Amino acid sequence: MLMKEYRICMPLTVEEYRIGQLYMISKHSHEQSERGEGVEVVQNEPYNDPEHGSGQFTEKRIYLNNKLPSWARAVVPKIFYVTEKAWNYYPYTITAFELFFCCLQCSFLPKFSIHIESKYEDNKGNNDNIFGSEPKEEETEVCFVDIAYDEIPERHYKESEDLRHFKSKKTERGNLQEGWIDTQDPIMCSYKLVTVRFEVWGLQTRVEQFVHKVIRDVLLLGHRQAFAWVDEWIDMTMEEVREYERATQEATNLKIGTFPPAISISETPLQSSTRSGPNSAPSTPLSTEAPDFLSVPKERPRKKSAPETLTLPDPGRRDSLFKLPSFFSWNSSPQPE
């Protein structure tokens, strides 16, 4: 387990950030989505909690296999998605991520999780007890994220979103200079306590560190864009931004498209699970039997002494009796980055 607390200051008030965050997430998800890759919104509706009161529940599927580094693609099946479930009781939110494979089951799947608690306050990120003062087994690393001066991945850089040179026409805030956090008014801070678990021997440290790096980059980019787009959303009401969110989500889902599984497990329908999901959810086989493409061909002649084992076909022969699916590749193996 690797836990870090991120603190991201913004030249906004907490109430302004509430609108800006919803606008940014919707627009960013639409921009980053393409056919077969991106963020699909499955559910977005009001939710009441006995402890936190009224809020909003959202469920999203994030398809990003092509964005993984080569070493991760080597151990993760090609068809998978991350499910994000968020409970928004602003100014407190909870977000949880789970990993799903569309057609394959994996023994380490239940051991991977991401949990994010978020709180927002009108200050400069100096509240050290925002998530409670109970002593922890080990001290949590605190990471300050500077939206103007922290380095951003080159592929995400846009001059129009460079906050060192951007100035809002409607709010007249901007041209953030070094040390801007000490002098900016108004200012608020987004506190995020992120816990990553990947309890697989030999991969745990590398995967948990990689996931935190990705999360930090996402937080940096998203908060930069929230302020760079401030003139687009600063005049919106909550009702207007919710309508924008709904319309953008519909457009994003259409942009991603619906794809059948790339691996055909069986032509025989499987028994339905007692816990059903949305119609758009890719089916997961419930049977523990080996799929047809891994079974020995019934009519294949063999010697009487031949053991009952699977003999892989020669990849160089075009007349092989059967073909394995595309994720078995003899041509090359991913190289570590």
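Everything numeric here is computed off the predicted structure, so don't read it as measured data.
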Rounded to the nearest 0.5 Å, the CD1 atom of Ile130 sits from the CG atom of Leu193 at a distance of 10.5 Å
Mind telling me whether Phe166 and Phe227 have parallel, tilted or perpendicular rings, with 30° and 60° as the class edges? perpendicular
Tell me the closest heavy-atom pair linking Asp146 and Leu220, and the distance in Å. O-CD1, 3.6 Å
Under a 4.5 Å cut-off applied to non-hydrogen side-chain atoms, are Val196 and Met3 in contact? no
Spell out, yes or no, whether Ile25 and Val241 are grouped together once hydrophobic residues are joined by side-chain heavy atoms under 4.5 Å, including indirect joins. yes
Among Asp128, Asn126, Leu219, side chain to side chain contact (heavy atoms under 4.5 Å, CB included) partner for Arg7: Asp128
Nearest non-hydrogen partners of Met24 and Gln225, listed with the distance: CG-CB, 4.2 Å
Return yes if some donor-acceptor pair links the side-chain N/O of Arg173 with the main-chain N/O of Pro11 below 3.5 Å, else return no. yes
CD/Glu117 to OH/Tyr92 distance, rounded to the nearest 0.5 angstrom? 3.5 Å
So, do Met238 and Arg18 sit near enough that their side-chain heavy atoms are less than 4.5 Å apart? yes
So if you build clusters from Ile, Leu, Val, Met, Phe, Trp, Tyr with side-chain heavy-atom gaps below 4.5 Å, do Val230 and Tyr244 land together? yes
For the residue pair Ser29 and Glu31, establish whether any side-chain heavy-atom pair is separated by less than 4.5 Å. no
Going by heavy atoms in the side chains, are Trp87 and Thr93 under 4.5 Å from each other? no
Does Arg224 reach the main-chain N or O of Ile147 with its side chain, forming a donor-acceptor pair under 3.5 Å? yes
Heavy atoms, side chains only, cut-off 4.5 Å: are Ile19 and Tyr17 in contact? no
With side chain to side chain donor-acceptor pair (under 3.5 Å) as the rule and sequence neighbours excluded, what pairs involving residues 46-56 come up? Asn44-Gln56
Which of Lys192, His212, His223 passes side chain to side chain donor-acceptor pair (under 3.5 Å) with Tyr6? It is His212
Interatomic distance, Asn127 atom CG to Asp122 atom CG [nearest 0.5 angstrom]: 12.0 Å
OG-CD distance between Ser26 and Glu245, expressed to the nearest 0.5 angstrom: 4.5 Å
Side chain Tyr149, main chain Leu176, donor-acceptor under 3.5 Å: yes
What's the verdict on side-chain contact (heavy atoms from CB on, under 4.5 Å) for Thr183 and Gln177, showing C-alpha distance, side-chain angles and the deciding distance? CA-CA 10 Å; Thr183 58; Gln177 305 300 312; over 6 Å; no
If you compare all heavy atoms of Cys9 against all heavy atoms of Gly125, which two are closest, and at what distance to 0.1 Å? SG-N, 4.0 Å
Quick one, Thr13 with Met188, criterion side-chain contact (heavy atoms from CB on, under 4.5 Å). Give me CA distance, side-chain angles, the key distance, then yes/no. CA-CA 6 Å; Thr13 67; Met188 56 83 61; 5.8 Å; no
Tightest non-hydrogen contact, residues Trp180 and Ala148, listed as NE1-CB, 3.9 Å
Checking Tyr90 against Tyr120 for the ring pair (Phe, Tyr, Trp, His ring centres under 6.0 Å) test, could you report, in this order, the C-alpha distance in whole Å, the side-chain angles of both residues, the deciding distance, and whether it holds? CA-CA 8 Å; Tyr90 198 84; Tyr120 313 97; 5.0 Å; yes
Is any side-chain heavy atom of Thr83 less than 4.5 Å from a side-chain heavy atom of Glu59? yes
Do the side chain of Glu141 and the main chain of Cys143 share a donor and acceptor less than 3.5 angstrom apart? no
Can you tell me how far the NZ atom of Lys119 sits from the OG atom of Ser190, to the nearest 0.5 Å? 12.5 Å
Would you find a donor on one side and an acceptor on the other, under 3.5 Å apart, between the side chain of Asp231 and the backbone of Lys170? yes
Within-4.5 Å side-chain heavy-atom neighbours: Trp229 and Glu161: yes
Does atom CD of Glu45 have more than 12 heavy-atom neighbours from other groups under 6.0 Å away? yes
Using the salt bridge (Lys or Arg N to Asp or Glu O under 4.0 Å) rule, collect all pairs that involve residues 21-30, keeping only residues at least two apart or in two chains. Lys27-Glu232
Distance-only polar pair, side chains of His30 and Thr248, donor-acceptor under 3.5 Å: no
For residues Arg216 and Phe144, report the shortest heavy-atom separation together with the two atoms involved. NH2-O, 4.1 Å
Does a side-chain heavy-atom distance below 4.5 Å link Ile187 with Met10? no
Within the side chain of Lys124, is there an N or O that forms a donor-acceptor pair under 3.5 Å with the backbone of Asp182? yes
Are Ile116 and Tyr89 connected into the same hydrophobic cluster when the rule is that any two of I, L, V, M, F, W, Y join if their side-chain heavy atoms are below 4.5 Å apart? no
Between Asn253 and Val41, is there a donor-acceptor pair closer than 3.5 Å when you use the side chain of the first and the backbone of the second? yes
Is Trp233 reaching over with its side chain to a backbone N or O of Glu16, donor-acceptor style, under 3.5 angstrom? no
Shared ILVMFWY cluster between Ile152 and Leu163, side chains joined below 4.5 angstrom? yes
Ignoring hydrogens and geometry, is there a side-chain-to-backbone donor-acceptor pair from Glu208 to Phe198 under 3.5 Å? yes
Tell me which one of Asp217, Val211, Val218 satisfies side chain to side chain contact (heavy atoms under 4.5 Å, CB included) with Val214. Val218
Does Val42 form a side-chain contact (heavy atoms from CB on, under 4.5 Å) with Lys60? I'd like the steps, not just the answer. CA-CA 5 Å; Val42 178; Lys60 302 175 183 178; over 6 Å; no
Passes side-chain contact (heavy atoms from CB on, under 4.5 Å), Leu203 versus Trp201? Steps please. CA-CA 6 Å; Leu203 291 173; Trp201 185 86; over 6 Å; no
Value for CG (Leu2) from CD1 (Ile114), rounded to nearest 0.5 Å, stands at 11.0 Å
